[in-house]
Amino acid sequence: MAIVIAARSLVANGWPHISNCNSESKRMLRITGGKVYDPANGVDGVVQDICIADGRIVANVEGEGGRTIDATGMIVFPGGVDVHTHIGGAALNFARGLIPEQHRKATPIFHSLARRAGIIGTTPTTFATGYVYAGMGWTTANEAAVPILSAKHTHEELHDTPIIDKTCCVLMANNEILLDLLENGEYEKAKHVAGWQIWAAKAYGIKAVNPGGVTAWKWGKNAKGFSEPVPGYSNVTPAKIVASLAQIADDLKLPHPLHLHCNNLGAPGNVSTTLETMKVLEGNRAHMAHLQYHAYGGDDWSTMCSASAEVAEYFNAHKNLTTDAGAVLFGNTVTVTADGPWQHLLYQLTGHKWGNLDVENETGCGVVPYAYKEKNLVNAVQWAVGLELLLLIDDPWRVSLTTDHPNGATFWRYPEIIQLLMNAAFRKEQIKALPEKARSRIILADLNREYTLGEIAIITSAGPARTLGLTQKGQLGIGADADVAIYNASSDVAKMFSYPRYVLKRGDVVVEEGELRKSVEGRQFAVKPAYDETIEDYLRPLFQQHYTMSFENYPVASARIHGLQVVDRSQS
């Protein structure tokens with residue numbers, strides 16, 4: 001099922017290459033003649049000018065010294081926004097250490113006076129990550145899982161990732177300080193602790209991974225029963241953790257809702273847990289991460305089947321929820337997640353290398369190299385389920401294109417998924433290569449929907465920007481950040497979205513004619529919630545008793561975050 005993929009286009013003509021030519025003026029620029037897709041402003045394939053001044057979209061530019069890009073016959077999109085990816089931090093370094101054989105085969109980026117060295121591969125290094133995202137037309141990414149204990153290091157890596165702007169979500173669903181407060185019914189104190197933790201980590205939102213399950217894993221157990229007490233607690237269940245954190249995110253008025261990785265990820269029959277979780281979330285916002293991994297029917301691996309229709313039906317009827325696909329593509333990758341129990345099970349199922357990390361009092365991490373195989377029954381169902389959800393969810397504004405990079409596939413393979421979504425005939429041809437038993441357990445062949453270019457602009461840019469609450473992203477309206485991708489119009493959509501003609505980052509032309517012309521620094525967005533600062537008096541003695549790190553060294557200082565942009569909700 002190999003098709004043209006992003007990396008193949010990126011390495012054409014010596015990519016990534018940085019020209020040493022002088023950068024264009026950032027003050028004024030006009031894009032003219034292009035067919036513009038700007039869903040946030042109701043523009044669907046209209047030929048119109050886009051004007052830029054000082055890194056923002058403006059109504060018009062006048063005077064001398066600017067530049068005009070003739071985009072006649074081209075397609076103009078807002079820069080892509082990745083709502084769920086894993087691109088920085090200790091877990092990624094751990095993963096790289098487990099897959100040296102993959103990196104030996106990876107495309108290298110050679111060092112020059114204008115460029116840092118690196119490799120692309122399954123888990124691209126920091127500079128390569130920024131180059132490749134930009135080289136596809138993506139300009140913003142959300143690192144979806146950061147422990148507070150390693151947040152300083154994560155922010156350093158995010159700073160070292162050029163061009164793209166970044167946000168990150170801090171892990172909380174297995175934080176023992178919070179769970180102890182929930183055990184004792186102290187919701188208000190838990191809310192203030194969560195607010196303090198978000199600001200301590202300089203994070204943008206709250207992430208929940210296998211709520212209660214990673215705490216249990218520290219004792220070799222899991223939390224599979226959604227309404228059953230977490231091992232070690234009497235009053236704390238996964239359901240209570242999910243409901244409490246969703247309420248906390250809303251009470252703190254965070255721009256992005258609770259970012260939730262449900263219990264029982266990857267397991268046959270986990271659709272029941274997913275639906276239970278969605279019901280608990282009624283009345284609160286929530287973002288269901290990598291939904292593909294939570295939409296399976298069956299009783300065991302031999303009977304595993306798609307439950308995408310059931311999940312999509314409930315999701316479509318409940319507007320409080322957003323999601324991202326977490327789609328799977330066939331090939332080699334490495335799985336990296338805070339869901340330690342799942343990773344141990346995956347190791348037992350595959351016999352592959354396995355690594356496990358314990359992050360004291362907060363979370364954990366597991367790493368297992370993995371290969372998705374077209375002829376494997378389970379993998380074939382997984383491949384289909386991701387596409388089915390993207391096709392069955394009726395509102396593209398509430399579902400984002402992701403692969404849970406690198407878990408389902410690398411982010412630079414997104415153009416493959418776009419081709420599958422836009423071309424039903426092509427999709428049906430790919431289905432024919434699946435095992436007959438797998439074809440009987442999926443519904444993908446019955447789905448004839450084809451995404452339009454406008455819908456692709458929604459699921460890759462406008463929608464995820466709205467889900468993250470980044471109002472200046474994912475759009476080309478006046479005042480928006482001038483993050484723009486310009487593609488040659490082509491019937492080969494995989495190639496088209498792999499290889500933009502121009503990419504602009506805050507008005508700078510960073511990619512032109514296949515060359516990386518300029519490597520700018522990206523910004524990092526963090527939220528400062530409203531919380532009672534006297535909560536530190538409660539936390540400080542807990543650190544003295546339970547943490548190996550001192551309380552004073554725990555928070556990330558604002559001065560350590562390069563290009564920090566604070567969303568201040570402290571007065572809300």
Side-chain angles (χ1 to χ4, degrees), residues 86 89-95 97-98 144-151 169-183 197 206-242 244-245 258-270 272-274 276-277 289-290 293-294 296 301 326 334-370 404 407 546-548:
H86 301 284
L92 270 295
N93 288 322
F94 192 14
L98 279 187
V146 179
I148 309 175
L149 266 172
S150 62
C169 293
V170 65
L171 291 157
M172 285 194 187
N174 294 278
N175 186 294
E176 294 183 22
I177 293 175
L178 282 173
L179 298 194
D180 289 350
L181 289 170
L182 295 180
E183 171 79 359
Q197 289 178 332
I206 296 173
K207 176 66 176 295
V209 172
N210 188 2
V214 183
T215 294
W217 176 240
K218 294 171 186 288
W219 305 97
K221 300 178 181 179
N222 200 352
K224 294 183 178 181
F226 189 62
S227 299
E228 297 174 5
V230 173
Y233 292 89
S234 300
N235 302 316
V236 174
T237 64
K240 185 172 185 176
I241 298 170
V242 168
S244 299
L245 290 178
L258 172 65
H259 198 106
L260 176 60
H261 161 141
C262 295
N263 300 73
N264 293 323
L265 172 140
N270 64 10
S272 60
T273 301
T274 303
E276 276 189 272
T277 305
H290 40 64
Y293 288 109
H294 306 279
Y296 306 149
W301 299 110
V334 60
T335 61
V336 184
T337 176
D339 195 341
W342 163 251
Q343 291 294 70
H344 183 252
L345 176 60
L346 189 61
Y347 152 70
Q348 291 179 314
L349 291 169
T350 63
H352 293 170
K353 290 180 284 188
W354 166 59
N356 184 76
L357 286 174
D358 169 48
V359 181
E360 56 187 78
N361 306 313
E362 292 183 5
T363 185
C365 173
V367 179
V368 178
Y370 193 74
D404 186 18
N407 291 284
H546 302 296
Y547 270 90
T548 58

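Because the structure is predicted, anything quoted here is derived from the model rather than measured.
Every side chain to side chain contact (heavy atoms under 4.5 Å, CB included) that N93 has, sequence neighbours left out, goes to R96, H153, E157. In terms of the ring-ring contact (aromatic ring centres under 6.0 Å, His included) criterion, W342 has no residue partners (sequence neighbours excluded). In this structure E183 satisfies the side chain to side chain contact (heavy atoms under 4.5 Å, CB included) test together with Y233, S234, N235, V236, sequence neighbours excluded. With sequence neighbours excluded, the residues satisfying ring-ring contact (aromatic ring centres under 6.0 Å, His included) with H86 are H84.
The backbone N or O of L171 lies less than 3.5 Å from no partner atom in the side chain of E362, so there is not a single donor-acceptor pair. The backbone N or O of K240 sits less than 3.5 Å from a side-chain atom of S244, completing a donor-acceptor pair. A donor-acceptor contact shorter than 3.5 Å is absent between the side chain of K207 and the backbone of H259. Judged purely by atom type and a 3.5 angstrom limit, N222 has no side-chain atom pairing as donor or acceptor with the backbone of P341. Under a 3.5 Å cut-off, the side chain of H294 and the backbone N or O of T274 do not form any donor-acceptor pair. Panel note: side chain D339, backbone V209; no donor-acceptor pair is recorded below 3.5 Å. In this structure a side-chain-to-backbone donor-acceptor pair under 3.5 Å is missing from E276 to F226. Side-chain atoms of Q197 never come within 3.5 Å of backbone atoms of M172 as a donor-acceptor pair (strictly under, hydrogens ignored). For the pair N270 (side chain) and Y293 (backbone), a donor-acceptor distance under 3.5 Å is present.
Annotation for A91 and V336: closest pair CB-CG1, 3.6 Å, computed over non-hydrogen atoms. Taking both residues in full, the closest heavy atoms of L98 and W354 are given as CD1-C, 4.2 Å, listed atom of the first, atom of the second, then distance. When all heavy atoms of A223 and G212 are compared, the pair lying nearest together is CB-C, 3.8 Å. When all heavy atoms of A338 and V214 are compared, the closest pair comes out as O-CG2, 3.3 Å. Minimum heavy-atom separation, L245 to A173: CD1-CA, 3.8 Å.
Note that CG of D180 and NE2 of H546 are 7.5 Å apart. Values are rounded to the nearest 0.5 Å. With values rounded to the nearest 0.5 angstrom, N361 atom CG is found 7.5 Å from L149 atom CG.
Judged by distance alone, the side chains of N356 and W217 do bring a donor and an acceptor atom under 3.5 Å apart. The closest side-chain donor-acceptor pair between T337 and Q343, if any, does not fall under 3.5 angstrom. H290 and N407 form no side-chain donor-acceptor contact under 3.5 Å, judged by distance and modelled atom types alone.
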**Request:** Any chance you could lay out the side chain to side chain contact (heavy atoms under 4.5 Å, CB included) test for V334 and F94, step after step, and finish with the verdict?
**Result:** CA-CA 11 Å; V334 60; F94 192 14; over 6 Å; no
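Every pair passing salt bridge (charged side-chain N to carboxylate O under 4.0 Å, His left out) that includes a residue from residues 209-220 is listed here, sequence neighbours excluded: K218-D358. Sorted by first and then second residue, the salt bridge (charged side-chain N to carboxylate O under 4.0 Å, His left out) pairs with a member in residues 220-236 form an empty list; sequence neighbours excluded.
When side chains are defined from C-beta on, P211 counts as touching L260, because their heavy atoms get closer than 4.5 Å.
Shown here is Y370, whose OH atom has more than 12 heavy atoms of other residues, nucleotides or ligands within 6.0 Å.
Just one of T215, N264, N263 meets the side-chain hydrogen bond (donor to acceptor under 3.5 Å, both in side chains) condition when paired with N210; it is N263.
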